[in-house]
Amino acid sequence: MTIELHNTLTRKKQVFKPANPKRVTFYVCGPTVYNHAHVGNFRPAVAFDLLFRVLRHHYGGEHVLYARNITDIEDKIIRAAQELNQPINAITQKYAQIYRDESAALNILPPSMEPAATDHISEIITLIDLLLQKGAAYCEQGHILFDINQFDDYGKLSNLNIDDMIAGARVEVAPYKRNAADFVLWKPSTDDEPGWDVPDQWDIKGKGRPGWHAECSAMIKKNLGTTIDIHAGGQDLRFPHHENEIAQSQCAYDAPLAHIWLHNGFLQMAGSDKMSKSLGNIVLVRDLLKKWPGEVLRWALLSAQYRQPLEWGDDLLAQSKKQLDRFYRLLSEHDDSHDNQKENNKTQIDAGVIGSLNDDLNTPGAMAALHALRDQAAAQKGNEKNHAIAILKASGQLMGFFNHQPKEWFKQDFTQSENGLNDTEIEALISERGKAKAAKDFARSDEIRDRLKENGIIIEDSATNTTWRRE
Ligand code: AMP
Ligand code: ZN
């Protein structure tokens with residue numbers, strides 16, 4: 001069986017052929033960590049987690065290298081740190097951990113690698129230095145800019161001419177730019193901004209920091225290689241972010257950055273456009289998780305094929321919950337005492353489910369196949385029924401569903417947590433805080449204390465234990 005993916009670069013669905021099936025390389029632009037993610041931010045995370053699972057299924061877990069970066073240096077982060085009067089790394093560590101926790105709640109597998117921009121400053125400097133040497137970048141008023149006139153294919157991914165691209169996106173006009181679409185590779189830092197020394201041969205003085213686009217190109221080169229199999233992200237990243245990544249990497253290394261580019265469509269709110277902070281129509285995952293199991297959010301996010309727009313709302317969540325309930329009701333009839341390795345083997349995945357997923361992640365098709373499997377299994381008896389349920393379970397689990405014991409699924413009670421944290425959640429957080437303190441991860445332990453405080457829970461540490469009470 002082959003996987004077909006829609007490549008933004010060629011605007012066609014094409015058979016996926018990794019350069020090396022023993023080392024499939026896949027990169028997704030990850031979160032900028034300075035605040036809580038909204039559910040739209042999780043659409044690429046969930047969709048491309050599903051692709052990661054499908055690739056692992058085909059090529060074997062150890063043969064797929066999936067990197068999703070953490071952007072931990074960026075002007076918005078610096079501003080947040082100044083407003084809150086907190087060190088930058090306290091903010092980035094706190095929100096990176098929240099992102100990981102929320103990802104786990106949505107059954108998103110940890111990627112193979114999670115490179116952080118601040119761990120790659122020397123690689124970013126090397127990349128920029130190469131671009132300067134090749135004449136693709138220039139210094140001006142303390143900045144280093146990429147000169148888009150040096151790259152003939154600029155705009156190929158978006159299939160737009162430069163004037164249209166500038167008109168359609170927010171491209172900063174600045175006096176130090178030769179061309180409005182030239183973008184910043186490196187910028188100067190003031191004393192109260194984070195900054196790194198630059199090489200002597202650069203025509204600038206003082207400390208500076210990288211631009212966002214350069215981070216991804218340098219992290220891909222270091223962690224995955226010069227040319228990768230798949231690069232993915234949200235549709236809004238096509239221009240300027242991905243166009244700029246391509247320009248930098250191709251000019252620096254004389255090779256394409258990625259063979260296949262994937263872009264997810266937007267999650268929208270009824271009556272408005274894209275869910276986004278600037279439009280003020282966001283719903284935070286942290287608030288949704290107080291009312292719904294993470295698996296329900298995952299089902300809702302996968303209910304449309306990833307390239308299509310998806311309208312978010314309570315109806316979608318309620319429908320998703322209802323559908324999962326029907327599966328869990330059948331799963332509760334499964335006698336898992338006969339489950340063995342063979343039952344969970346990949347040969348047990350339903351052909352309709354994997355066939356749909358192979359077709360550019362056709363999740364509505366795969367979900368329809370799960371429903372059909374459920375109906376078939378429900379009509380069977382004895383061993384046959386058990387076998388059919390095992391196939392249903394393995395096929396759903398490939399998509400990141402059915403990870404609860406049915407009894408637990410139906411026991412979940414969100415009535416208390418809607419008005420704050422319930423006792424179990426509080427105990428779990430206190431225990432996690434104890435572990436974080438023991439590991440000297442004070443950012444995390446402080447974050448848990450703050451979260452408990454926000455929920456009206458007072459904790460008191462003694463020499464031997466921690467007690468808690470409601471305010
Ligand atoms: P950001 O932190 O804004 O860079 O966004 C992280 C990821 O979420 C990027 O890949 C964005 O393209 C994606 N994204 C942001 N808003 C939405 C949305 N409403 N629907 C789908 N994807 C989104
Ligand atoms: Zn990127």
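Whatever order the structure lists them in is the order used to number ligands and atoms, beginning at 1. Every value quoted in this text rests on a predicted model; they were computed, and no experiment measured them.
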key: Test item: Tyr138 side-chain N/O and Arg178 main-chain N/O as donor-acceptor pair under 3.5 Å   =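 Yes, because the side chain of Tyr138 sits within donor-acceptor range (under 3.5 Å) of the backbone of Arg178.
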
query = So, the side chain of Ser395 versus the backbone of Asp350: is there a donor-acceptor pair under 3.5 Å, distance only?
reply =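 Yes; judged by distance alone, with no hydrogens or angles, the pair exists.
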
request  = Say whether Gly265 and ligand 1 are in contact under the criterion: heavy-atom distance to a ligand atom below 4.0 Å.
outcome  =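 Yes; Gly265 lies near enough to ligand 1 that a heavy-atom distance drops under 4.0 Å.
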
request  = Mark the output for His38 as yes if a heavy-atom distance to ligand 1 is under 4.0 Å, and as no if none is.
outcome  =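 His38 counts as a contact of ligand 1 under the 4.0 Å cut-off.
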
Based purely on interatomic distance, does [X] place a nitrogen or oxygen under 3.5 Å from a nitrogen or oxygen of ligand 1?
{"X": "Asn264", "value": "yes"}
{"X": "Asp236", "value": "yes"}
{"X": "Asn41", "value": "yes"}

message = Ring centres under 6.0 Å, that's the criterion: do His263 and His242 meet it?
response =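 Yes, the ring of His263 comes within the 6.0 Å limit of the ring of His242, centre to centre.
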
Pair His241 and Trp212, ring centroids less than 6.0 Å apart =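 That pair passes the under 6.0 Å test.
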
Considering only heavy atoms of [X], which atoms of ligand 1 have at least one such atom less than 4.0 Å away?
{"X": "Lys274", "result": "16 (N), 19 (N)"}
{"X": "Met275", "result": "16 (N), 18 (C), 19 (N)"}
{"X": "Gly234", "result": "10 (O), 12 (O)"}
{"X": "Pro44", "result": "7 (C), 8 (O), 10 (O), 13 (C), 22 (N)"}

query = If you look at Glu245, which of its N/O/S atoms is nearest to the Zn ion (ligand 2)?
reply =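 That would be atom OE2.
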
query = Within the stated cut-off of 2.8 Å, is an N/O/S atom of His241 closer than that to the Zn ion (ligand 2)?
reply =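 Yes.
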
Contact flag Cys29/the Zn ion (ligand 2), N/O/S atoms, threshold under 2.8 Å =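 Yes.
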
